[in-house]
Amino acid sequence: MIPMSSPAQQQQNLFGRVLGRVCTAIEDLGAAGTLPTGLDLSQVVVEPPRDAAHGDMATNAAMVLARQAGMKPRALAEAIVGALRGDPLIAEIAVAGPGFINITLTREAWYDELRAVLRAGTDYGRSDVGRGQAINVEYVSANPTGPMHVGHCRGAVFGDALANLLAFCGYRVTREYYINDAGAQVDVLARSAFLRYREALGENVGPIPEGMYPGDYLIPVGAALAAEYGSALRDRSEAEWLPIVRDKAVSMMMAAIRDDLAALNVRHDVFFSERSLAVGDPSPIAATIRELEGRGLVYRGRLPPPKGQPVEDWEDREQLLFRSTAYGDDIDRPLIKSDGSYTYFASDIAYHASKFARGFRQMIDVWGADHGGYIKRMQAAVAAVTQGAAELDVKIVQLVRLFRGGEPVKMSKRAGDFVTLREVVDEVGRDAVRFMMLFRKNDATLDFDLAKVIEQSRDNPVFYVQYGHARGQSVFRNAREVVPELPTDAAARSQFLLNAALERLDQPGEIDLLKRIAQYPRVIEGAALAHEPHRVAFYLYDLASALHAHWTQGNHLPHLRFIILDDPILTVARLALIQGVVTVLASGLKLLGVDAPEEMR
RNA sequence: GGCCCCGUAGCUCAGCCGGAUAGAGCAGCAGCCUUCUAAGCUGUUGGUCGCAGGUUCGAAUCCUGCCGGGGUCGCCA
């Protein structure tokens, strides 16, 4: 029902435009009787060939349509080529191999694309594939039992960049944080904070007992409670003080977490409380379970004992189960613990039901690798609770291993002694953390070296990409000697450069840069659809490499430099190219949440 | 034992929901560069895409089974 790509989008994207031409040609051949009409074109793609010698673009149209059309691939390819020959975008077109159609575009097509960049500015690459669909991205969701540690930051950065990317591609994105403020852990937090409270009242409580949170970060919570309640809480029963202390501790921890996230430039639109799902009559959890029960998806039954490591206090008992096996899970899953309270899973079903009720048909959860075993049941739950109307994609971010100069940074298991997110950001900076977290596929483990990411070398991709942007900016500063009227403001400058004599761009390095720039919209759209922001980071690294390579050519070949003292026309054309590179670098870095500096002295 | 992820050049990793002779960086080798911002550039060596089957015009990519590494396995979140 939803078309593969809209006409508007095809106009934005050079590859989409060529795909449009190919499809039109095939339809024309159908109308002329050469081919059957009504062919399914959904498998036809136009993409850059692996080998640049094959041209700028290649399409598989003849191969995927051969069977439908009842023709041999090469014969079909010849027919399509005949229909496309003479297209003003196309300089050369030929059949190759088993039936590929290789296309070389005219120079003018690439110049036009550069003009599109200059016109669009940092909107270049924006897409409407999302069509305004609401999508919920849930990320971080760290327990509010202490400050964020370094393990949290990969998910935080990944989720944030993915949300940026989706928004850039026309989705209506909600960034969400699920606060685990229910369950035993926050009760332990409350008891730990209560000790600090008594301490604040002058009591000697001795060492923090085993099983409590010993971290110093709870001292201010105790002090705040003492300031607010005096000694009033001390002599009350735990049942009375615990909710008060718990709420205070959670809210103070969440404030700290928000601060930590702000240091990383990560923000959320919605902070959703798990506890809120258990209040009311019926509570959202109870209502959700009842609804599933009515559909035969919740029942009382027994589970086989877990395999592998024997569970010591295992007892065979009848319990309330969700029939997740009906949706592809391996085993049905319990909803109520032995103490009568809901399992985390029960809350999570209600939580995702809430997302659906709030209008989200697409949901993305970003989880740490240790939650991988939870994916099937959650997807089963979403399928059940939305009757298959919503889709949940769970993105797993793998472990980050911290190094400093090649040596592992030791992290003691002893509670309270961990590397916090804030420490890392303070040491190497937000940009380095963010870029490196994205310079690897999310499901691969990542080695993060605190020494390397502040190095100023090609080994450090953060520096390399940012320096590419700064280098471009430096050309504009220096170019005023030759082009005094060059505007300083980026938008005005782009406008000015639209009149450049782009046909003067004819050096191989320049053409290469033009073509790389034109890839950007494709990369963005692919990354958004695949939920893979790392593709943007890799693309930016490649683009920056191409710029640096071309730049260095100018060292010994002065005619390749961007600024040519006695040729302002050529200089302006090259400035337009630089503007294209800089614009795309800035746009991509912004999506990743990394600064694009004007200079890096 | 069940399930999930990973396995691609000596090292670190890409490979775009099946495409052409599998790529990049580092390291190695051979040169170049003293500049529009110095922290670089060019060329080159190097791979049985873990193994074995299957699906088809075509597989690193999809399916099955093994091998190796990591994670996880009612009541924790």
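Quick caveat: nothing in here was measured; it's all calculated off a predicted structure. Both backbone and side-chain heavy atoms feed into the values below; hydrogens, waters and symmetry mates do not.
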Any chance the rings of [X] and [Y] have centres within less than 6.0 Å?
| X | Y | value |
| --- | --- | --- |
| A/F158 | A/Y139 | no |
| A/F448 | A/F403 | no |
| A/Y351 | A/Y178 | yes |

Scan [X] against the nucleic acid and name what it touches under 4.0 Å (heavy atoms): base, sugar-phosphate only, or nothing.
| X | result |
| --- | --- |
| A/Y342 | nothing |
| A/E274 | sugar-phosphate |
| A/A470 | base |

Reading nucleotides 10-18 of chain B from 5' to 3' and marking B where a protein heavy atom lies under 4.0 Å of the base, S where only the sugar-phosphate is that close, and - otherwise, the string is --SSSSB--
Please tell me which of A/H54 and A/E598 maps to the more 5' nucleotide of RNA chain B, matching each residue to the nucleotide holding its nearest heavy atom.
-> A/H54
Of A/Y344 and A/D330, the one whose closest nucleotide on RNA chain B sits nearer the 5' end is A/D330
Can you confirm whether [X] sits close enough to [Y] that some side-chain heavy atom of one is under 4.5 Å from a side-chain heavy atom of the other?
| X | Y | answer |
| --- | --- | --- |
| A/Q466 | A/H469 | no |
| A/I364 | A/L166 | yes |
| A/H548 | A/Y467 | yes |

Any donor-acceptor pair under 3.5 Å joining the side chain of A/N102 to the base of B/A20?
-> yes
Nearest listed nucleotide, side chain of [X], among [options]:
| X | options | value |
| --- | --- | --- |
| A/Y541 | B/U37, B/C41, B/G25 | B/G25 |
| A/L303 | B/U72, B/U37, B/G74 | B/G74 |
| A/A96 | B/A77, B/G71, B/A20 | B/A20 |
| A/A549 | B/A77, B/C41, B/G19 | B/C41 |

Show me the donor-acceptor pairs, under 3.5 Å and distance only, between side chains in residues 572-579 of chain A and residues at least two apart or in other chains.
residue: A/R574; atom: NE; partner: A/E510; partner atom: OE2; Å: 2.6
residue: A/R574; atom: NH1; partner: A/H559; partner atom: O; Å: 2.8
residue: A/R574; atom: NH1; partner: A/R561; partner atom: O; Å: 2.6
residue: A/R574; atom: NH2; partner: A/E510; partner atom: OE2; Å: 3.2
residue: A/R574; atom: NH2; partner: A/H559; partner atom: O; Å: 3.3
residue: A/Q579; atom: OE1; partner: A/R493; partner atom: NE; Å: 2.7
residue: A/Q579; atom: OE1; partner: A/R493; partner atom: NH2; Å: 3.2
residue: A/Q579; atom: NE2; partner: A/T583; partner atom: OG1; Å: 3.0

Taking the [atom1] atom of each, how far is [N] from [M], in whole Å?
| N | M | atom1 | value |
| --- | --- | --- | --- |
| B/G7 | B/G15 | P | 10 Å |
| B/G31 | B/G50 | P | 37 Å |
| B/C26 | B/C73 | P | 41 Å |
| B/G70 | B/C17 | C1' | 26 Å |
| B/G54 | B/C11 | C1' | 34 Å |
| B/U64 | B/C4 | P | 9 Å |
| B/A9 | B/G71 | C1' | 28 Å |
| B/U55 | B/G43 | P | 43 Å |

Interatomic distance, [X] [atom1] vs [N] [atom2] [rounded to whole Å]:
| X | N | atom1 | atom2 | result |
| --- | --- | --- | --- | --- |
| A/Y467 | B/G40 | OH | C1' | 9 Å |
| A/R333 | B/C76 | CZ | P | 13 Å |
| A/K452 | B/G25 | NZ | P | 15 Å |
| A/Y374 | B/C73 | OH | C1' | 13 Å |
| A/M57 | B/G19 | CE | C1' | 17 Å |
| A/K376 | B/C73 | NZ | P | 16 Å |
| A/R516 | B/G23 | CZ | C1' | 12 Å |
| A/L65 | B/G19 | CG | P | 16 Å |

Can A/F100 be called stacked on B/G19 when the rule is centres closer than 5.5 Å and an angle between planes below 30°?
-> no
Pi stacking test for A/H548 and B/G40: under 5.5 Å apart, planes under 30° | no
Under a 3.5 Å cutoff on both atom distances, Watson-Crick or G-U, what's the dot-bracket for RNA chain B ([ ] crossing, | other strand)?
-> (((((((..((((.....[...)))).(((((.......))))).....(((((..]....))))))))))))....
A/L570 backbone acceptor or donor facing A/D567 side chain under 3.5 Å | yes
Does A/Y299 have A/R323 sitting over its ring (NZ/CZ under 6.0 Å from centre, angle to axis within 45°)?
-> yes
Which salt bridge (charged side-chain N to carboxylate O under 4.0 Å, His left out) pairs, counting each pair once, include a residue from residues 331-347 of chain A, with sequence neighbours left out?
-> A/D329-A/R333
Heavy atom of residues 551-565 of chain A under 4.0 Å from RNA chain B: which residues?
-> A/W551, A/T552, A/Q553, A/N555, A/R561, A/F562, A/I563
Residues [X] and [Y]: side-chain donor-acceptor under 3.5 angstrom:
| X | Y | value |
| --- | --- | --- |
| A/S273 | A/D181 | yes |
| A/D365 | A/H352 | yes |
| A/D393 | A/H531 | yes |

Does a nitrogen or oxygen in the side chain of A/R67 sit under 4.0 Å from OP1 or OP2 of B/C57?
-> yes
Test side-chain contact (heavy atoms from CB on, under 4.5 Å) applied to A/H152 - qualifying residues, sequence neighbours left out = A/A142, A/M148, A/H149
